[in-house]
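Below you'll find the structure, written out as structure tokens, and then a few comments.
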Number of protein chains: 2
Amino acid sequence: MSKSGTKVLNALERVGGFASAQELHLVLKRNQESIGLTTVYRALQTLVADKSVDLLRREDGEAIYRLCGDAHHHHLVCKNCGKTVEIEGGVIEKWAQKSGDEHGFRDIGHTAEIFGICSDC
Amino acid sequence: MSKSGTKVLNALERVGGFASAQELHLVLKRNQESIGLTTVYRALQTLVADKSVDLLRREDGEAIYRLCGDAHHHHLVCKNCGKTVEIEGGVIEKWAQKSGDEHGFRDIGHTAEIFGICSDC
DNA sequence: TTTGAAAATGACAACCATTTCCATTTCTGC
DNA sequence: GCAGAAATGGAAATGGTTGTCATTTTCAAA
């Protein structure tokens with residue numbers, strides 16, 4: 001793990017939720033951590049590839065990131081306030097595997113997100 | 001409904017699925033329909049506000065649109081050659097709705113894609 | 001310790017979807 | 001036909017994200 005990767009992870013822990021790359025960059029700057037915006041983006045790309053961090057999208061298309069546990073799960077996200085609930089997705093795993101099998105695909109993976117408006121909004 | 005709104009709706013029908021604003025603009029140009037990109041964007045904004053069209057996001061953040069009431073389906077995509085199969089997703093609809101309900105969310109929507117390697121690759 | 005190649009870094013420029021601006025054209029009611 | 005409102009579209013601006021490339025750091029081998 002590069003020095004920057006660690007810094008970005010720490011920043012993500014500190015904000016404790018979603019943050020865009022630009023927001024993380026600001027947090028780090030405020031904390032006297034010298035780091036370039038480009039490096040933040042690169043560190044995030046690596047972390048996402050390593051599955052240490054989740055990548056989602058705000059409604060306006062901006063990428064937002066957050067720490068993610070190891071277990072494969074899905075998210076229910078409020079389109080308004082960003083509140084997030086982790087959802088068990090066994091049904092989806094089976095559906096993806098079955099659909100892939102039926103069409104002769106192998107190395108099946110999938111993505112799935114649910115969004116809506118939460119009870120507080 | 002403005003003239004442009006009609007053209008954009010027709011284009012959406014013609015492509016029969018998801019399309020980005022830029023793709024729709026291309027489709028219209030190819031069909032000898034003179035229309036500006038700006039106008040396509042404006043028409044889409046209006047159609048989304050009217051709930052005639054759904055707005056979703058590609059993985060890269062680009063906005064994609066589809067007619068409301070279109071049969072909602074999902075895609076099985078080959079990571080290697082791009083071959084795509086349309087998948088029925090009733091299971092997912094129910095899963096998304098149920099998960100949303102359980103946590104008090106309303107206006108539930110979802111995205112789901114399956115990817116893998118097809119039999120030809 | 002020195003060295004040299006590979007990886008990491010960051011300022012800056014490039015990219016591209018989307019929006020804003022504004023001048024021109026088209027529509028609508030009178 | 002006329003005036004005002006709405007629609008249109010080309011050009012420029014915006015803003016998140018990625019590419020470029022020269023410089024710095026890391027680190028293992030000599």
Side-chain angles (χ1 to χ4, degrees), chain A residues 1-12 15 17-68 77 79-80 82 111 113 115, chain B residues 1-12 15 17-67 79 82 111 113:
Chain A
M1 163 91 61
S2 72
K3 209 173 291 184
S4 307
T6 308
K7 285 183 186 173
V8 169
L9 273 187
N10 287 340
L12 269 171
V15 300
F18 289 105
S20 69
Q22 319 252 357
E23 286 163 355
L24 289 171
H25 183 225
L26 268 183
V27 167
L28 287 165
K29 285 277 176 171
R30 263 198 234 100
N31 245 63
Q32 328 288 333
E33 305 271 1
S34 165
I35 187 171
L37 179 56
T38 307
T39 305
V40 173
Y41 273 106
R42 254 189 313 238
L44 284 169
Q45 281 178 343
T46 304
L47 291 169
V48 168
D50 292 349
K51 300 194 197 309
S52 304
V53 162
D54 273 342
L55 166 58
L56 294 173
R57 293 273 164 192
R58 288 217 181 100
E59 250 193 292
D60 65 357
E62 186 174 356
I64 50 178
Y65 305 83
R66 64 169 255 174
L67 291 175
C68 176
V77 185
K79 283 196 280 194
N80 192 49
T111 63
E113 297 294 332
F115 45 86
Chain B
M1 164 91 59
S2 73
K3 207 174 289 185
S4 309
T6 309
K7 285 183 186 173
V8 170
L9 274 187
N10 287 340
L12 268 172
V15 300
F18 291 106
S20 70
Q22 316 255 355
E23 286 163 356
L24 290 170
H25 184 226
L26 269 183
V27 167
L28 287 165
K29 285 276 175 168
R30 263 198 235 101
N31 244 62
Q32 327 288 333
E33 305 270 1
S34 167
I35 187 171
L37 179 56
T38 306
T39 306
V40 173
Y41 274 106
R42 251 188 315 236
L44 284 169
Q45 281 178 343
T46 305
L47 291 169
V48 169
D50 293 350
K51 298 194 195 307
S52 304
V53 163
D54 275 341
L55 165 58
L56 294 174
R57 293 276 165 188
R58 285 215 183 106
E59 254 191 280
D60 66 356
E62 187 175 355
I64 52 179
Y65 306 83
R66 76 162 181 229
L67 290 176
K79 282 192 283 194
T111 63
E113 298 293 331

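All chains are named by letter (A, B, ...) in the order of the sequence lines, taking the proteins before the strands, and each is independently numbered beginning at 1.
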- In chain order, what residues pass the side chain to side chain contact (heavy atoms under 4.5 Å, CB included) check against A:Ser2, with sequence neighbours excluded? A:Ser4
- Note on the structure: Protein-proximity profile, nucleotides 6-13 of chain D, B/S/- by nucleotide at the 4.0 Å heavy-atom cutoff, equals --BBBB--
- Can you name the closest pair of heavy atoms from A:Tyr65 and A:Leu12 and give their distance? O-CD2, 3.6 Å
- So where does chain A start and stop touching DNA chain C, 5' to 3', when the test is distance under 4.0 Å to a non-hydrogen atom? C:dT9 to C:dC12
- Item | Gap between atom CG of B:Asn31 and atom CG of B:Asn10 - 0.5 Å precision | 9.5 Å
- Message: Please list, in numerical order, the residues of residues 48-64 of chain B that have a heavy atom closer than 4.0 Å to any atom of DNA chain D.
- Response: none
- Message: If the condition is side chain to side chain donor-acceptor pair (under 3.5 Å), which residues does B:Arg57 pass it with, not counting sequence neighbours?
- Response: none
- Task: Quick one: label B:Gln45 by what it contacts on the DNA or RNA (base, sugar-phosphate, nothing), any heavy atom closer than 4.0 Å.
- Result: sugar-phosphate
- Can you tell if the side chain of B:Val15 reaches within under 4.5 Å of the side chain of B:Glu23, non-hydrogen atoms only? no
- Spacing of A:Leu37 atom CG and A:Leu28 atom CG [to the nearest 0.5 Å]: 10.5 Å
- Message: Suppose we screen for side chain to side chain donor-acceptor pair (under 3.5 Å). Which residues come up paired with A:Gln22, at least two apart in sequence or across chains?
- Response: A:Tyr41
- Query: Quick one: salt bridge (charged side-chain N to carboxylate O under 4.0 Å, His left out) partners of A:Glu59, sequence neighbours excluded?
  - Reply: none
- Message: Check whether B:Phe18 forms a cation-pi arrangement with B:Arg66 (NZ or CZ under 6.0 Å from the six-membered ring centre, at most 45° off the ring normal).
- Response: no
- Message: Taking salt bridge (charged side-chain N to carboxylate O under 4.0 Å, His left out) as the cut-off, I'd like each qualifying pair that reaches into residues 27-44 of chain A, sequence neighbours left out, listed once.
- Response: A:Lys7-A:Glu33
- In whole Å, what is the span from the OH atom of A:Tyr41 to the P atom of D:dT18? 7 Å
